[in-house]
Amino acid sequence: MEAHSSEVFVIGLTVFFLACIIGYYVVWSVTPALHSPLMGVTNAISSVIIVGAILAAGPQGFDTSKIFGLIGVVLASVNIFGGFLVTYRMLSMFKKKTKKTKEKE
Amino acid sequence: MSSNMVAILYLISALLFIFALRGLSHPESSRMGNIFGIIGMIIAVFTTLMFKSVLSYYEIGAAILIGGAIGSFIALRIEMTALPQLVAAFHSLVGLAAVFVAAAAFYDPVAFSIGKVGSIKTASLVEMSIGTFIGAITFSGSVLAFGKLQGTISGKPIVFKFQHLINALIFLLIIFLIILFVINQSPTIFWTIVIVSILLGFLVVIPIGGADMPVVVSMLNSYSGWAACGIGFTLSNNLLIITGALVGASGAILSYIMSKGMNRSIINVVLGGFGGEQDTSASKDNSDKIVKQGNAEDAAYIMKNADSVIIVPGYGMAVAQAQHALREMGDILKKEGIEVRYAIHPVAGRMPGHMNVLLAEANVPYEEVLELDEINHDFPMTEVSFVIGANDVTNPAAKTDEASPIFGMPILDVEKSQSVLFVKRSMATGYSGVDNELFYRDNTTMLFGDAKKMCEDIVKSLSA
């Protein structure tokens with residue numbers, strides 16, 4: 001059992017470092033003009049922590065852990081909806097020079 | 001659902017998150033990227049709901065609806081100028097959620113298969129307490145950052161004696177508490193870790209001043225990622241580990257870019273205290289220098305007779321909500337056949353990319369908005385630089401005066417253009433407390449007044 005759990009940890013660590021490297025390259029490719037939306041998106045996806053909160057809130061009946069889980073679900077949901085929506089709002093404002101704006105000129 | 005199926009669905013969701021970030025490499029692909037992110041999140045949530053142990057759909061559904069409604073309401077109502085506060089507030093929620101998930105895992109380890117109450121696996125305890133620690137710091141640090149950005153708390157850095165020593169001691173105390181917690185698994189110690197970490201979060205952000213907020217917001221963004229990572233290790237959940245690492249890396253890179261934009265190390269920013277009252281040497285003998293003042297009509301005249309204008313916006317533009325009036329001014333100039341472009345300094349505003357969003361909001365096409373490296377060599381060929389609400393990022397002292405606190409900071413070379421129009425409320429120094437010699441140059445005209453009002457007046461004069 002001990003051997004197994006340390007194996008799980010090493011796999012986690014492997015995943016962690018590879019993900020850091022992917023993150024490094026992907027984030028450097030983000031254009032500086034979109035750094036605010038980047039924060040919006042990362043904010044939303046970091047709330048994937050909701051997965052843990054759902055597991056805690058999952059069992060039937062009520063105990064301390066479930067209440068914590070439900071609070072976690074509420075908090076993470078605020079972020080998920082809020083993060084993606086505000087990013088959507090930001091991104092929909094970034095427009096190219098279009099004929100429409102030229103007509104207006 | 002088999003555990004393999006779960007792992008594959010989580011993997012898909014993680015890949016979609018990576019594509020979501022990748023999409024942001026260009027405005028055209030970014031909207032699709034955001035959709036990838038949303039799909040990834042939906043897959044993650046539904047996969048977890050399919051777990052055998054997850055039965056209370058109603059409660060969870062209600063919790064998602066409540067949170068979702070609050071989040072949507074805020075996101076749809078928020079003014080774009082208030083984005084930095086909003087992001088800080090959102091970060092605090094991620095931190096708090098991490099604390100609650102860790103607490104839930106501690107009180108019901110069976111649900112997460114990490115052991116039983118009182119005999120949780122050592123590795124899980126360590127990961128859990130680290131997740132809690134980072135989560136709690138993220139929470140309180142972000143709350144304070146929110147207060148400073150919103151203006152409820154003074155943006156001035158608060159510095160006191162032995163500050164860093166106290167922080168270091170608190171950090172050691174937390175390590176000691178974590179060791180104790182791993183040994184005896186006491187709830188009292190768990191909550192002590194939470195409280196002490198919250199305290200540390202406050203103390204870490206307290207000495208950092210208003211204009212260093214881009215770095216702080218990015219740093220807290222990074223922390224929220226590492227907190228998710230910590231929880232991911234606790235639950236042996238690769239999706240959380242991957243996502244946490246992506247967010248952590250993203251925040252770290254943004255902090256690096258921001259501190260580089262100020263020519264300061266991240267350490268220097270974190271230690272804080274910059275922009276206080278200490279610095280008076282630079283503003284000593286400017287009383288005898290002459291400042292050329294102008295009004296909106298002068299500015300309109302100067303720009304109307306130019307071929308090219310570069311607009312340099314800063315935080316002052318955001319405060320005055322001047323972006324729409326500014327764009328209107330730009331439109332009239334463009335109609336006159338004048339080339340109008342915008343130059344954005346990396347640390348303009350209160351969060352990374354803040355100015356770009358505000359200009360986009362005002363319908364400025366993104367091709368006209370350029371970064372420092374892209375436009376800086378064009379200033380010598382430009383007739384008019386129109387600086388609005390920016391100050392330190394244009395100060396030539398950064399290149400020449402070694403004694404200046406901003407020496408070495410990359411600046412926009414507005415002084416190289418034929419004339420400079422400087423919209424400013426008063427002669428007050430910028431955030432760094434350094435006087436700007438640009439104000440006293442022959443080719444500079446100061447336009448005193450509210451940024452928005454000034455743009456509107458210029459628009460009136462131009463169309464007259």
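Numbers restart at 1 for each chain; the letters A, B, ... are given by sequence-line order, proteins then strands.
- Taking every heavy atom of both residues into account, S142(B) and A88(B) meet most closely at CB-O, 3.2 Å.
- Within the 4.5 Å cutoff, side-chain heavy atoms of R89(A) are placed close to those of M80(B).
- Taking S46(A), A19(A), S29(A), S65(A) one by one and counting their heavy-atom pairs under 4.5 Å with chain B, the maximum is reached by S65(A).
- Within the 4.5 angstrom heavy-atom criterion, only side-chain atoms of E371(B), from C-beta onward, approach chain A.
- Neither the backbone nor the side chain of L370(B) comes within contact range of chain A; no heavy atoms are under 4.5 Å apart.
- In this structure, W28(A) and Y256(B) have perpendicular ring planes: the angle between them is above 60°, well past the 30° mark.
- No side-chain donor-acceptor contact under 3.5 Å links T138(B) to the backbone of S92(B).
- Judged by distance alone, the side chain of T48(B) and the main-chain N or O of G52(A) form no donor-acceptor pair under 3.5 Å.
- Contacts of L254(B) with chain A are made by side-chain atoms alone, with heavy-atom separations under 4.5 Å and no backbone atom involved.
- Other residues, nucleotides and ligands contribute over 12 non-hydrogen atoms within 6.0 Å of the OH atom of Y57(B).
- Under a cut-off of 6.0 angstrom, the local environment of CZ in F16(A) is crowded, with over 12 non-hydrogen atoms contributed by other residues, nucleotides or ligands.
- Contact count against chain A (heavy-atom pairs under 4.5 Å) is highest for S72(B) among A227(B), G244(B), S72(B), G349(B).
- Residue contact with chain B, scored on non-hydrogen atoms closer than 4.5 Å, involves the backbone and the side chain of L38(A) alike.
- A44(A) touches chain B through its backbone: at least one of N, CA, C or O sits under 4.5 Å from a heavy atom, while the side chain does not.
- Between chain B and the options V73(A), V30(A), N79(A), heavy-atom pairs under 4.5 Å are most frequent for N79(A).
- Of the two parts of L70(A), the backbone and the side chain both hold a non-hydrogen atom closer than 4.5 Å to a non-hydrogen atom of chain B.
- Note: I80(A) leads I67(A), I80(A), L18(A), I50(A) in heavy-atom pairs under 4.5 Å with chain B.
- For chain B, the option among V86(A), L75(A), I11(A) with the highest count of heavy-atom pairs below 4.5 Å is L75(A).
- Heavy atoms of T234(B) lying under 4.5 Å from chain A are absent altogether.
- Both the backbone and the side chain of V54(B) come within contact range of chain A, with heavy atoms under 4.5 Å apart.
- Across Y24(A) and A249(B), no two heavy atoms sit closer than the pair N-CB, 4.1 Å.
- Using a 4.5 Å cut-off between heavy atoms, L235(B) contacts chain A through its side chain alone, with no backbone atom that close.
- The two residues I241(B) and C229(B) have their closest heavy-atom pair at O-SG, 3.3 Å.
- With a 4.5 Å cut-off on non-hydrogen atoms, E367(B) touches chain A through its side chain but not through its backbone.
- Of the inter-residue distances, the one linking I18(B) atom CD1 with I22(A) atom CD1 reads 4.5 Å to the nearest 0.5 angstrom.
- Residue L55(A) touches chain B through both its backbone and its side chain, counting heavy-atom pairs closer than 4.5 Å.
- Considering only heavy-atom pairs separated by less than 4.5 Å from chain B, the leading option among K66(A), Q60(A), M93(A) is M93(A).
- Residue with the most contacts toward chain A among I257(B), V364(B), I35(B), N237(B): I257(B) (heavy-atom pairs, distance under 4.5 Å).
- For the options S13(B), S53(B), A111(B), A228(B), heavy-atom pairs under 4.5 Å to chain A are most numerous at S53(B).
- Heavy atoms of other residues, nucleotides or ligands lying less than 6.0 angstrom from OH of Y88(A) number 12 at most.
- Contact count against chain A (heavy-atom pairs under 4.5 Å) is highest for A103(B) among S236(B), S124(B), A103(B).
- Between the side chain of R327(B) and the backbone N or O of L359(B), no donor-acceptor pair lies under 3.5 Å.
- Of the possible polar contacts, none joining the S30(B) side chain to the L24(B) backbone as a donor-acceptor pair under 3.5 Å is found.
- Counting heavy-atom pairs closer than 4.5 Å to chain A, the top-ranked of the candidates F233(B), F51(B), F106(B), F73(B) is F233(B).
- Both the backbone and the side chain of L13(A) have a heavy atom closer than 4.5 Å to some heavy atom of chain B.
- Note on ring orientation: taking the six-membered ring where Trp is involved, the planes of Y366(B) and H26(B) are perpendicular (angle over 60°, cut-offs 30° and 60°).
- With chain B as the partner, the residue from V41(A), I21(A), V26(A), N43(A) showing the most heavy-atom pairs under 4.5 Å is N43(A).
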